Amino acid sequence: MLRLLPDAARHRDALEAVRTAARAGEMDEAGRLMTEAMTTPVPGGDSPELRHPGDWLDGYAGTSPEPPTPELLELFAHLRELQPLFLEHVLVPFTSTEADLAALGAVGRRLVPAAGIDSRGQLPYRAAAALATGLGLPLTEFPGGHLGSVERPAQFAGALTALVEARRV
């Protein structure tokens, strides 16, 4: 969805720099560049209608992410081992693919563009907002950031359940 952004070339270059660092064996630098590329906020951009399934938004500002479980910490360690594979074969191809808005639009209201509320202004959120705008759909916000289901699993599960139940009607 990055190609939907007005500054897509800048993001493509930043993610290519991540892959270049990884290819050179500079995994710490690749990680730093990736974090910078994904999380540096950019003001403005698409402002689609926002939806918040369930009641999680009430009092949300007073909550914090849940601490990771031991199993999740173990998974993170394993994922770090796979980072070179991810950066070489997943990240750049995934982020450089052009979205077919006509094909996506053909599924109509079954598609639910979504993003984590804590990542507003960041690259993943901006891409989801651009998709929502391009399709004329609202953007559904969930608890947490880009990894809301990991950061706030209970709140995320409640919001997802509310979304699914509302769409059954």
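Because the structure is a prediction, the values reported are computed rather than measured. Below, all heavy atoms of this structure are taken into account, side chains as well, without hydrogens, waters or symmetry copies.
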### Query
For the residue pair Leu5 and Ala130, what are the closest heavy atoms and their distance?
CD2-CB, 3.9 Å
### Query
Can you name the nearest heavy-atom pair linking Ala154 to Glu66, along with the distance?
N-OE2, 3.0 Å
### Query
Nearest heavy-atom pair of Pro53 and Thr140: which atoms, and what distance?
CD-CG2, 3.5 Å
### Message
Tell me whether Phe86 shares a hydrophobic cluster with Leu2, the cluster being built from Ile, Leu, Val, Met, Phe, Trp, Tyr side chains joined at under 4.5 Å.
### Response
yes
### Query
Under 3.5 Å, side chain of Glu141 to main-chain N/O of Leu50, donor-acceptor pair present?
no
### Task
For Glu16, enumerate each residue passing the side chain to side chain donor-acceptor pair (under 3.5 Å) test, keeping only those at least two apart in sequence or located in another chain.
Arg19
### Message
Give me each pair satisfying side-chain hydrogen bond (donor to acceptor under 3.5 Å, both in side chains) with a member in residues 160-169, each pair once, sequence neighbours excluded.
### Response
none
### Task
Using the side chain to side chain contact (heavy atoms under 4.5 Å, CB included) rule, take Arg126 and His11 through it: C-alpha gap first, then chi angles, then the decisive distance, then the call.
CA-CA 12 Å; Arg126 291 180 59 230; His11 296 297; 3.1 Å; yes
### Message
Please give me the minimum heavy-atom distance between Pro138 and Pro113, naming the atom from each residue.
### Response
O-CD, 3.9 Å
Which donor-acceptor pairs under 3.5 Å do the side chains of residues 93-101 make with protein atoms, sequence neighbours left out?
unit_1: Thr95; atom_1: OG1; unit_2: Leu91; atom_2: O; d: 2.8
unit_1: Thr95; atom_1: OG1; unit_2: Val92; atom_2: O; d: 3.3
unit_1: Ser96; atom_1: OG; unit_2: Val92; atom_2: O; d: 2.7
unit_1: Ser96; atom_1: OG; unit_2: Pro93; atom_2: O; d: 3.4
unit_1: Thr97; atom_1: OG1; unit_2: Pro93; atom_2: O; d: 2.7
unit_1: Glu98; atom_1: OE1; unit_2: Arg3; atom_2: NH1; d: 3.2
unit_1: Asp100; atom_1: OD1; unit_2: Ala102; atom_2: N; d: 3.3
unit_1: Asp100; atom_1: OD1; unit_2: Ala103; atom_2: N; d: 3.1

### Message
Set out, in order, the CA-CA distance, both residues' side-chain angles and the distance that settles side chain to side chain contact (heavy atoms under 4.5 Å, CB included) for Asp118 and Arg152, then state yes or no.
### Response
CA-CA 11 Å; Asp118 295 344; Arg152 297 171 178 266; 3.5 Å; yes
### Task
Inspect the surroundings of CG in Asp28 and state if more than 12 heavy atoms from other residues, nucleotides or ligands are less than 6.0 Å away.
no
### Message
Quick check: closest heavy atoms across Leu111 and Val107, and the distance to 0.1 Å?
### Response
CB-CG2, 3.9 Å
### Task
Write out all pairs satisfying ring pair (Phe, Tyr, Trp, His ring centres under 6.0 Å) with one or both partners inside residues 43-79, taking only residues at least two apart or from two chains.
His52-Trp56, Trp56-Tyr60
### Salt bridge flag under 4.0 Å for residues Arg10 and Asp7
yes
### Task
Output all residues satisfying side chain to side chain donor-acceptor pair (under 3.5 Å) with Ser64, sequence neighbours left out; order by chain, then residue number.
none
### Message
Test side chain to side chain contact (heavy atoms under 4.5 Å, CB included) on Leu123 and Thr39; report intermediate values, then the result.
### Response
CA-CA 6 Å; Leu123 186 57; Thr39 63; over 6 Å; no
### Query
Which residue pairs satisfy the ring pair (Phe, Tyr, Trp, His ring centres under 6.0 Å) criterion with at least one member in residues 125-151, sequence neighbours excluded?
Phe142-Phe156
#### Entry: Minimal non-hydrogen separation, Leu33 against Ala21, with atom names
CD1-CB, 4.2 Å
### Under 3.5 Å donor-acceptor, Ser119 side chain and Gln122 backbone
no
### Message
Would a single hydrophobic cluster contain both Leu73 and Leu79, if residues Ile, Leu, Val, Met, Phe, Trp and Tyr are joined by side-chain heavy-atom contacts under 4.5 Å?
### Response
yes
### Message
Counting neighbours of CD on Glu88 that are heavy atoms of other residues, nucleotides or ligands and sit closer than 6.0 Å, is the number greater than 12?
### Response
yes
